[in-house]
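Notes follow once the structure below has been shown.
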Amino acid sequence: MAGTNSLSFSQKTFLKEALGLSSGYVLNLSRNDVRELFLSAGIDVESDPRFQRLGTSAGKRMSEFFTHGENAEVVSVLSSFSELPDRAFSDAKITAEEFR
């Protein structure tokens with residue numbers, strides 16, 4: 001099924017790897033932190049069926065988001081990530097500055 005945004009496969013792969021999504025987590029964020037990040041963009045990632053196909057971990061929902069989120073949603077959430085404190089990226093494969 002084709003995604004509903006214009007991220008390329010390589011961009012999605014980069015984001016998933018950079019944010020450490022294969023671990024089931026998203027950076028050094030708690031599940032509630034991730035939920036709040038999405039809610040600030042007007043998205044209920046916990047109950048939106050578009051983001052539940054792979055499982056219930058924050059990392060799996062974020063992976064699904066990069067596939068099934070609309071362009072405006074992706075821009076909003078990625079903008080929120082760019083505003084996170086540097087410590088959120090302490091275990092990431094990229095620094096906060098590189099992400100920004």
Are S8 and Q11 close enough, and set up right, to give a side-chain hydrogen bond (donor to acceptor under 3.5 Å, both in side chains), and what steps lead you there? CA-CA 5 Å; S8 69; Q11 289 169 320; 3.3 Å; yes
Under the side chain to side chain contact (heavy atoms under 4.5 Å, CB included) rule, what do L21 and F65 come out as? Steps first, then yes or no, please. CA-CA 11 Å; L21 304 186; F65 172 72; over 6 Å; no
Are Y25 and L84 linked, directly or through intermediate hydrophobic residues, by side-chain heavy-atom contacts shorter than 4.5 Å (ILVMFWY only)? no
Please find the pair of heavy atoms, one from A92 and one from L27, that lie closest to each other, and give the distance. CB-CD2, 3.5 Å
V74 side chain reached by N71 side chain, heavy atoms, under 4.5 Å: no
About how many Å separate CG of N28 and CZ of R87, when rounded to the nearest 0.5 Å? 10.0 Å
Under 3.5 Å donor-acceptor, S63 side chain and G59 backbone: yes
Do E83 and R100 come close enough that some side-chain heavy atom pair is under 4.5 Å? no
Side-chain contact, heavy-atom cut-off 4.5 Å: D86 with T95? no
How about Q52 and R61: do any of their side-chain heavy atoms sit closer than 4.5 Å? yes
Once you round to the nearest 0.5 Å, how far does CD1 of I43 lie from OG of S76? 6.0 Å
Contact check, side chains of S79 and V75, non-hydrogen atoms, under 4.5 Å: yes
Taking atom NZ of K60 as the centre, report whether more than 12 heavy atoms of other residues, nucleotides or ligands fall under 6.0 Å from it. no
Begin from the C-alpha positions of L37 and V77 and carry the test side chain to side chain contact (heavy atoms under 4.5 Å, CB included) through to its verdict. CA-CA 7 Å; L37 188 119; V77 170; 3.7 Å; yes
Atom pairs and distances, side-chain donor-acceptor, residues 44-51, under 3.5 Å, sequence neighbours left out:
residue : atom : partner : partner atom : Å
D44     : OD1  : E46     : N            : 3.3
D44     : OD2  : S47     : OG           : 2.7
E46     : OE2  : R31     : NE           : 3.2
D48     : OD1  : R50     : N            : 3.0
D48     : OD1  : R50     : NE           : 3.2
D48     : OD2  : R50     : NE           : 3.2
D48     : OD2  : R50     : NH2          : 2.8
R50     : NH1  : E73     : OE1          : 3.0
R50     : NH2  : E73     : OE1          : 3.4
R50     : NH2  : E73     : OE2          : 2.9

Parallel, tilted or perpendicular: which fits the ring planes of F81 and F99, with parallel below 30° and perpendicular above 60°? tilted
N5 and E70, any side-chain heavy atoms less than 4.5 Å apart: no
Where is the tightest heavy-atom contact between F66 and K16, given as atom of each residue plus distance? CD1-CG, 4.2 Å
Do L7 and L15 come close enough that some side-chain heavy atom pair is under 4.5 Å? yes
What's the spacing between L54 CG and E64 CD if we round to 0.5 Å? 3.5 Å
Is E98 atom CD crowded by more than 12 heavy atoms from other residues, nucleotides or ligands, each under 6.0 Å away? yes
